[in-house]
Amino acid sequence: MLEVENLTKRYRGITALDNASFQIRPGEILGYLGPNGSGKSTTVKIVTGLIEPSDGIVKFHGRPVSEDPVGFKRRMGYVPEEPQLYGHLTGTEYLLFVARLRGIEYAMALRRAENLMRLFQLHDARHSAMVSYSKGMRQRVLLAAAILHDPELLILDEPFSGLDVNAAQLLRGLMQVFAREGKMILFSSHVLEVVEKVCSRVVILYKGKIVLADSIENLRSSMAPDLEKIFAQATHQEDAVPVAESILAAVRR
Amino acid sequence: MSPRRLLIEHFFAGMFRSEMLSEAGIENYRTWLISAAAALFAFHTQFARLRARNFGQPSDELFVTAASFVTVLLLVSFEWQSLFPGARDWQVLSPLPVRKSDIFVARLTALGMFLGIAMIAANLVPSGLYLSWRHWVAAIGAGLHAVLLAMALQGLCLLVLPRVFGFVVQALLLAVSIVSLPLLLHVPGLRALDRLEWLPPMWWVGVCDARYARLADRAWIGLGICFVVAMVSCAVLYRRFGEFASPPLALSAWRSPLTALNRLSDRGVLAFVALTLARAPQHRLLLIGIALFGAAFTFEGFVVALLKSGRNLSAIARAFPLLLGMSLTAALTMCFRLPAEWRAHWVFRVTEDPLERPGQLSATVAALYFFGAMPALVIALPFQVAASGPLTAAAGLPITFGFLACLIELRVQRWYRIPFTSTYAPSQMPAAIALVMFLASFLAFGSFGGMLVGVAASSVQGFAIVGGITAVTWVLLRRKRLAHWGDEPLEFTDDAGEVLVTRFAPE
């Protein structure tokens, strides 16, 4: 189980994340939602160890991650928000490289890299430098890189960005299969329809604070029939139409 | 402000920018670049002032035109991608309401401003004040000739030749200009200039010296031909801008043999280093550029030895692998400090393991041996065999390798980073001092090391003494390094606050 307790992050006096706590149980997909700048990516970066929290603790199977960060990283897969990868490498080379960094023996790493390239429909471009890949292709490489060591915990930060319909369906299926296998998934996204379909629970952040954390069933029965309305209520979203009218008026003024 | 003027400013600023670096890295890079240019300018000015005392020989005039030609050729080799509008300009600017002509005019104007400032600054004092207006015209003409020659060649590469030739021609121009730099110092005082009449800088001597007036026509015709080819290329590129600027998905059917380096037990870092050096264009350019300095000094030595008596050819051949090895290792460590996709290094951070860290760092050392020391030995061996015979060359080989191994150990004594994952300043000390120190150590290593290799190759006792001292030094250096190797966390300096600044940059 992944437990995040009272996580806080301050940047030069500005609080980006304020006392956030949540848990992910084995077999669970947790939807992590919030408007831009609400602290989602900050949380993800703290959990993955890319930045240090100002306060709070992350536990994995009851032990603080800080006690054994390497052991935790070995069991975690991560897809970052931006598809940042080494464009001069080919897709296969990148997967092979990540597999080797994760300590997978060469022959097995090569076999997994080639299989994943085929399964993610990147086989035709396997020997081309990723600088020539589309955004969706890069995203698929990142997804493959995140799962090639069969992690227990998968952290996905906007994984649907740039994916076409087929690849998006594949990812949705993959998340469900992973959850069925007892793996944990932290799924940070703006795509509420997907979150509604695949997640059992959601956490909604607003201005760095968790404003809502419950199962989708409970939220539906207590707040609104669909996640979009729940999200709008939780994040104090104004009605979009008057705002859009104001925008149009502003560019005409 | 009109779009054209905005674009000119944008393109001009781009000449001092690198997408490889973060904001803080660019600041350091600019400072270093400007101070290096100032150091070179000061040297050029002083040299011309000294020569001006007995000025009037055609060889002195050739120095002025050749210096201008070579310097500008070096600059355009580094700014090769800025000679014509490219894919990025098309992708960013074509959706905006900006005319294609504005993009082309702005790009060419920015290039003209950049090179114009460089040419005027470099020639104003030496040829403008100490010499005469005719020398100034000849020097500017030679510089312009170099620009148009480079543009014509790039135009032909883009329009006629396969894509790979673009890099080949750029590397050739870079090689010619760097190898010519040390030779320039020997130009004043040359007597047999008739044999150099095929060189474009010599044609420009005809513009300022009546004794060579017959060559002036060649200068103007050469300039005209380059101008026409460059402008025709520009016009064709203008018509087919979108086609050139949006390359299709480059599919390849071959796996790089360098990928096989992944088999080695460093968790793939050596393969990553090899593939980056082979493919990242800016790193490749930097590597070739700095490595060529070593080759240039040796080439200068060979040329001078052949022209003048009293210079020992075998001594120069002995110094060759040392100079080349030193410049290659310096180039590699500088490349390692510059990032390739610096935002992509998160993958190292989420997989960092203290137990594996020494192995990963050792990949850097292995890369210095594989791509620094070994090529230097292999390239220099035929010259050494030709200059001093196979036996002497073979005897000197292990000693030379030992010297290079000690040099590598010295370079990595405090090394805490995976190559290409940090934004780093080229130097932490003022550029002029760094250049002088590098040149001094470079020449000392070449001459003193070459002499010791000569001692070792001449007798068994010499071999035993020099070899023994070298081996002990290497063992001590290696032991010192391994005592703390991989103890510290890896360095990823990508945040503005963490980047080291040069003394010229604001704190």
Side-chain angles (χ1 to χ4, degrees), chain A residues 12 45 47-51 68-74 76-90 92-107 109-110 113-114 123-134 137-138 142 145-146 149 151 155 157, chain B residues 19 87 246-256 258-284 339-357 359-360 363 418 420-421 489 492 494-495 497:
Chain A
R12 291 173 189 155
K45 282 178 184 162
V47 174
T48 52
L50 289 175
I51 55 174
D68 180 19
V70 176
F72 172 68
K73 285 174 185 177
R74 279 197 195 118
M76 173 202 74
Y78 169 52
V79 175
E81 189 181 10
E82 293 287 328
Q84 306 286 4
L85 29 70
Y86 292 105
H88 59 277
L89 302 182
T90 68
T92 311
E93 282 167 1
Y94 185 75
L95 292 183
L96 188 57
F97 171 54
V98 174
R100 296 289 290 129
L101 280 178
R102 290 200 173 277
I104 300 173
E105 178 262 324
Y106 177 76
L110 185 61
E114 288 184 340
H123 194 65
D124 289 344
R126 67 192 183 284
H127 297 314
S128 303
M130 288 187 291
V131 71
S132 61
Y133 284 17
S134 67
M137 290 167 82
R138 285 169 158 242
L142 283 172
H149 58 298
I155 298 172
D157 199 353
Chain B
E19 287 184 9
S246 46
L249 176 66
L251 290 176
S252 162
W254 305 102
R255 175 184 297 155
S256 166
L258 293 173
T259 309
L261 289 173
N262 259 308
R263 281 180 193 278
L264 299 181
S265 59
D266 65 352
R267 294 208 167 186
V269 176
L270 186 60
F272 171 67
V273 171
L275 290 165
T276 306
L277 288 174
R279 294 190 193 143
Q282 283 161 308
H283 291 83
R284 207 168 44 182
E341 312 252 8
W342 63 274
R343 290 179 190 87
H345 72 231
W346 62 268
V347 70
F348 288 101
R349 297 171 68 179
V350 297
T351 54
E352 188 175 350
D353 183 343
L355 291 176
E356 293 295 331
R357 206 185 290 139
Q360 292 187 341
I418 299 286
F420 318 117
T421 57
F492 297 100
D494 59 341
D495 297 325

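As a basis for the values below, the full set of heavy atoms in this structure was taken, side chains included, without hydrogen atoms, waters or symmetry mates. To find a chain, count down the sequence lines: A is the first, B the second, and so on, and within it residues start at 1.
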Find the one option among A:Met76, A:Lys45, A:Gln84, A:Arg74 whose heavy-atom pairs under 4.5 Å with chain B are most numerous. A:Gln84
Check each atom of A:Ile155 against the heavy atoms of chain B and say whether the ones under 4.5 Å are side chain, backbone, both or neither. neither
Taking C-beta and beyond as the side chain, do B:Val350 and A:Arg102 meet within less than 4.5 Å on heavy atoms? yes
Between the side chains of B:Asp353 and A:Lys73, is the shortest nitrogen-to-carboxylate-oxygen separation below 4.0 Å, so that they form an ion pair? no
Please classify the contact of A:Ile104 with chain B as side chain, backbone, both or neither, using a heavy-atom distance under 4.5 Å. neither
Is the shortest heavy-atom distance from the side chain of B:Glu341 to the side chain of A:Met130 under 4.5 Å? no
Under 4.5 Å from a heavy atom of chain B, the part of A:Tyr94 involved: side chain
Nearest 0.5 angstrom please: A:His88 NE2 to B:Leu275 CG, how far? 6.5 Å
Near-ring test B:Phe420/A:Tyr86, centroid separation under 6.0 angstrom: no
Just wondering, do B:Val347 and A:Leu85 contact through their side chains at under 4.5 Å, heavy atoms? no
With sequence neighbours left out, the residues meeting ring-ring contact (aromatic ring centres under 6.0 Å, His included) with A:Tyr78 are B:Trp346
For the pair A:Phe97 and B:Phe348, name the ring-plane relationship: parallel under 30°, tilted 30 to 60°, perpendicular over 60°. perpendicular
Side chain to side chain contact (heavy atoms under 4.5 Å, CB included) between B:Arg349 and A:Thr48, worked out: CA-CA 9 Å; B:Arg349 297 171 68 179; A:Thr48 52; over 6 Å; no
Could you check whether any side-chain heavy atom of A:Thr90 comes within less than 4.5 Å of a side-chain heavy atom of B:Arg279, counting everything from C-beta outward? yes
